[in-house]
Number of protein chains: 2
Amino acid sequence: MAQAETVLPSDFFLDLDRSSPVPLYYQIATRLERAIRDEDLPAGSRLENEISLGQRFGFSRPTVRRAIQELVDKGLLVRRRGIGTQVVHGQVTRNVELTSLYEDLTQTGQGPTTEVVSREVLTADENAARELGVAVGDRVLRIVRLRYADGVPLAVLDNTLPSEFADFTEEELAERGLYQLLRARGITIRVAKQRIGARNATAKERELLALPKGSAVLTMSRTAFDSSGRAVEFGQHCYSPDLYSFEMTLVDK
Amino acid sequence: MAQAETVLPSDFFLDLDRSSPVPLYYQIATRLERAIRDEDLPAGSRLENEISLGQRFGFSRPTVRRAIQELVDKGLLVRRRGIGTQVVHGQVTRNVELTSLYEDLTQTGQGPTTEVVSREVLTADENAARELGVAVGDRVLRIVRLRYADGVPLAVLDNTLPSEFADFTEEELAERGLYQLLRARGITIRVAKQRIGARNATAKERELLALPKGSAVLTMSRTAFDSSGRAVEFGQHCYSPDLYSFEMTLVDK
DNA sequence: CTGACATCTTTGTTCGGACATAGTGACATT
DNA sequence: AATGTCACTATGTCCGAACAAAGATGTCAG
């Protein structure tokens, strides 16, 4: 059986602004995404085809395609040649994105607070030198922080940065997220490599996170690179297993 | 300091095939990716600009852009307006993709084997009904498998599927990966939602995975949808923490 | 009734062109 | 010496058009 085609009302794209600096394809994608999440475009329904959509609303086909592609990449739509474009699922979770835990918590409305457990400038060992691309013995900043969400200890964050950032103070680190501080210096993280695993908590971690003896922790180690390809930060994080998990939507390409 | 620009030799794209069904942009991207991984395009170097690249090798600019975009999405390249395109990092790990554990292991050359722990057809409880989009009380197939890599127990896989697949036999399940069996029936997984977490192993899991008392496990629960948006499979997996972890590369958009 | 074939629909790929925008650096002005 | 201006370069966005390929459907011969 062919799925029903949902026809968008002719005023659907009325409020978009062609003179805005926000790209047209992005404005279109945003409106479509909202319609999908509001189930104005129900799951399983077929979308009007690209050409008709473009003609009816006055967009070129490449622009319509690009907007649709954004939502395909997010896992909201699926395209099939000869068939059309269908809505997959309304409840797609936000992806694991290139954000810090601090930003994650802020966005979800849980007030993040930070306690600086230790902050020291030391010399890079072999591992730190390899990860950061500096020489063994170079000065690096190592900070261990305890991150709370709504007053509950959530994660232990152990990070190492190049000496350029050795002047980050305990006060700054307690008040702001690490990525926020880096951005304030004009450093933008563009690419990161990370690995998610599990192990048993150490005594120190149990103490900080108020976990029972023998408890598991969720671990994430990440190395982050800025836009010039330089390693800016690497760290090992561990999360209280009952309070945190990583969600993602995977899309077949 | 301006980064050095690497000029591709004029025979760089000589072996691509315009009559091949493999898209041109994809062939270009593949060759560029190999050059980056082989460090013929060293990390930090600038790529020749899009227009010149197109003219020199006879591609249109959209085609060149699309090829480059593939590698930007993979985290191998970074583009900056007014500056150019730079190579970020040669060692990017393969992403968490929409593959089954079985395929993962096959690709990395570790011989996967499977033991079917249990296989039963039962009626859907509330959770199964919600995840699969069927009615409570409908028949579903539930299978628990133990997956080995090179003879070592690696993961316990607990999956539930709609009644349509209730005829999967123990033999089939022991010999093939689940996604492989589904594909043989014409079902392709297109989108999946998953969550990665950690907890302590249950007694049963410790027994199956030969883990010590109190050991942690890495958990992954996934719901997979086919191209029509129907839920095809959901499951809870748990992995031996010392033997498995999830790696991914994140790219800022 | 069934299978082979043609046709239609819709997305996939590729081309060519135009203008906008953000860095960069040089030059002129204050 | 600091700052503003301008040209240059490279990517970002948008348009229009054409053909290819895949899936669905209808047609017709056997």
Side-chain angles (χ1 to χ4, degrees), chain A residues 1-7 13 16-30 45-73 77-87 186 188 190 226-228 252-253, chain B residues 1-3 5-7 13 16-30 45-73 77-87 186 188 190 226-228 253:
Chain A
M1 182 199 80
Q3 293 289 345
E5 177 176 308
T6 306
V7 179
F13 291 110
L16 47 74
D17 179 5
R18 290 186 91 105
S19 67
S20 153
V22 178
L24 189 54
Y25 75 87
Y26 191 82
Q27 295 187 49
I28 298 172
T30 303
S45 70
R46 262 182 40 236
L47 196 65
E48 193 175 339
N49 78 66
E50 298 171 349
I51 302 190
S52 150
L53 218 47
Q55 284 184 344
R56 215 150 65 81
F57 294 101
F59 312 130
S60 74
R61 188 174 167 220
T63 303
V64 173
R65 271 184 75 74
R66 175 131 189 214
I68 290 176
Q69 191 59 47
E70 292 276 312
L71 303 183
V72 170
D73 289 343
L77 295 176
V78 168
R79 301 207 255 212
R80 277 191 297 168
R81 202 189 288 211
I83 307 287
T85 305
Q86 291 182 331
V87 180
T188 319
R190 291 299 277 273
D226 73 0
S227 47
S228 70
D252 189 26
K253 295 200 172 172
Chain B
M1 181 197 76
Q3 293 290 346
E5 177 177 310
T6 306
V7 179
F13 292 110
L16 48 73
D17 179 4
R18 292 186 90 103
S19 67
S20 152
V22 177
L24 190 54
Y25 75 87
Y26 190 82
Q27 295 186 47
I28 298 172
T30 303
S45 70
R46 261 181 42 235
L47 196 65
E48 194 175 339
N49 79 66
E50 298 172 350
I51 303 193
S52 149
L53 218 47
Q55 284 183 345
R56 215 149 66 82
F57 294 100
F59 311 129
S60 74
R61 190 173 165 220
T63 302
V64 174
R65 271 184 74 74
R66 176 129 189 216
I68 291 176
Q69 189 60 47
E70 293 276 311
L71 302 183
V72 170
D73 289 343
L77 295 176
V78 168
R79 298 208 256 212
R80 278 191 296 170
R81 203 189 289 209
I83 305 291
T85 305
Q86 289 183 334
V87 179
T188 319
R190 292 300 278 270
D226 72 0
S227 47
S228 71
K253 294 200 174 177

Exercise. Start at the 5' end of DNA chain C and walk down; is the nucleotide closest to B/I83 or to A/R81 reached first?
Worked result: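 This one resolves to A/R81.
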Problem set entry | Separation of B/L16 CG from B/F57 CZ (nearest 0.5 Å) |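 Going from the CZ atom of B/F57 to the CG atom of B/L16 covers 9.5 Å.
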Problem set entry | Pairwise distance CZ(B/R190) to CD(A/Q86) - rounded to 0.5 angstrom | 10.0 Å
Within this structure, what is the [atom1]-to-[atom2] distance between [X] and [N], rounded to whole angstrom?
{"X": "B/Q86", "N": "C/dA22", "atom1": "CD", "atom2": "P", "answer": "19 Å"}
{"X": "B/I28", "N": "C/dT13", "atom1": "CD1", "atom2": "P", "answer": "13 Å"}
{"X": "B/N49", "N": "C/dA22", "atom1": "CG", "atom2": "C1'", "answer": "15 Å"}
{"X": "B/Q55", "N": "C/dG17", "atom1": "CD", "atom2": "C1'", "answer": "13 Å"}
{"X": "A/E5", "N": "C/dT9", "atom1": "CD", "atom2": "C1'", "answer": "11 Å"}
{"X": "A/L47", "N": "C/dT9", "atom1": "CG", "atom2": "P", "answer": "18 Å"}
{"X": "A/D17", "N": "D/dC14", "atom1": "CG", "atom2": "P", "answer": "12 Å"}
{"X": "B/Q69", "N": "D/dG12", "atom1": "CD", "atom2": "C1'", "answer": "11 Å"}

Problem set entry | Heavy-atom pair of closest approach, residues B/V22 and B/Q27 | O-NE2, 2.9 Å
For this session: Look at the side chain of A/E50 and decide which nucleotide, out of D/dC14, C/dT11, C/dT13, has an atom nearest to it.
Result: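 Per side-chain heavy atoms of A/E50, the pick is C/dT11.
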For this session: Would you mind telling me which of D/dC14, C/dT13, D/dG16 lies closest to the side-chain atoms of A/P62?
Result: D/dG16
For this session: Identify which one of A/I28, A/D73, A/T63, A/L47 satisfies the side chain to side chain contact (heavy atoms under 4.5 Å, CB included) criterion when paired with A/I68.
Result: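 That would be A/L47.
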Exercise. Can a donor-acceptor pair under 3.5 Å be found between the side-chain atoms of B/R61 and the base atoms of D/dG12?
Worked result: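 Indeed, a donor on one side and an acceptor on the other fall under 3.5 Å apart.
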Exercise. Quick one: on DNA chain D, does A/Y26 or A/R80 contact a more 5' nucleotide (nearest heavy atom)?
Worked result: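 Counting from the 5' end, the first nearest nucleotide belongs to A/Y26.
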Exercise. Of B/T85 and A/V22, whose nearest nucleotide on DNA chain D comes first from the 5' end?
Worked result: B/T85
For this session: State, without any angle test, whether A/Q69 and A/R79 hold a side-chain donor-acceptor pair at a distance under 3.5 Å.
Result: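 The answer is yes; a qualifying pair exists.
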So, does [X] get its side chain near the phosphate of [N], meaning an N or O under 4.0 Å from OP1 or OP2?
{"X": "A/T63", "N": "D/dC15", "answer": "yes"}
{"X": "A/R18", "N": "D/dC15", "answer": "yes"}
{"X": "A/Y25", "N": "D/dC14", "answer": "no"}
{"X": "B/R65", "N": "D/dG12", "answer": "yes"}
{"X": "A/R79", "N": "C/dT10", "answer": "no"}

Exercise. What does A/L24 touch in the nucleic acid at a heavy-atom separation under 4.0 angstrom: a base, only the sugar-phosphate, or nothing?
Worked result: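 Sugar-phosphate: the residue A/L24, judged by heavy atoms under 4.0 Å, touches backbone atoms but no base.
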